[in-house]
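These notes concern the structure reproduced below.
For reference, positions follow the sequence shown, starting with 1. Reckoned from all heavy atoms, side chains included, excluding hydrogens, waters and symmetry mates. All values reported here derive from a predicted model rather than from experimental measurement.
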Amino acid sequence: MATLFFNIICIIAFSIIYYQLSPLHFINPITRSKLSYLDCFFYSTTIQSTIGLENITSATSFGKYIVLLQQWTVITSSAVLLHHFHNKK
């Protein structure tokens, strides 16, 4: 249950970050307009679930670093979770 809450908190936190940084650092390459919060929430969810999304992109290097931070958060939390379950045996 803790993993679920951690993922939900990450999704919400990063969606707020993406929304605040749009349109300078995150854009829809087709419309070039500011993203809605729903767009950012959807983007954050797809990153957190490791699916990815192509209709929103990082427009700057700083934006790419923020996405990398979320991706590394997912990888690290997965490694910690696997280590925790492996040591429970």
Same apolar cluster (I L V M F W Y, side chains within < 4.5 Å links), Ile56/Leu69: yes
Of Leu35, Thr57, Thr60, the residue whose pairing with Phe26 passes side chain to side chain contact (heavy atoms under 4.5 Å, CB included): Leu35
Co-membership, hydrophobic cluster, residues Phe41 and Leu4, 4.5 Å side-chain: yes
Pair Tyr19, Asp39 - check side-chain contact (heavy atoms from CB on, under 4.5 Å), show working. CA-CA 8 Å; Tyr19 183 70; Asp39 292 333; over 6 Å; no
Give the minimum heavy-atom separation between Lys34 and Pro23, together with the two atoms involved. CA-CB, 3.9 Å
Can you name the nearest heavy-atom pair linking Cys10 to Ser44, along with the distance? O-OG, 4.0 Å
Connected via hydrophobic side-chain network under 4.5 Å: Phe6 and Ile11: no
Candidate pair Phe62 and Ile66, rule side-chain contact (heavy atoms from CB on, under 4.5 Å), full reasoning: CA-CA 6 Å; Phe62 181 74; Ile66 298 298; 3.9 Å; yes
Does one hydrophobic cluster hold both Phe5 and Ile16, with members joined at side-chain heavy-atom distances below 4.5 Å? yes
If you measure from CG on Leu21 to CZ on Phe14, what distance do you get to the nearest 0.5 Å? 11.0 Å
Starting at CG of Asn55, measure out to OG1 of Thr46 and round the result to the nearest 0.5 Å. 8.5 Å
All heavy atoms of Ser58 vs all of Lys64, minimum pair found to be CB-CG, 3.5 Å
Within a strict 4.5 Å, meaning less than it, do heavy atoms of the Tyr18 and Ile47 side chains meet? yes
Transitively linked via ILVMFWY side-chain contacts under 4.5 Å: Tyr37 with Ile8? yes
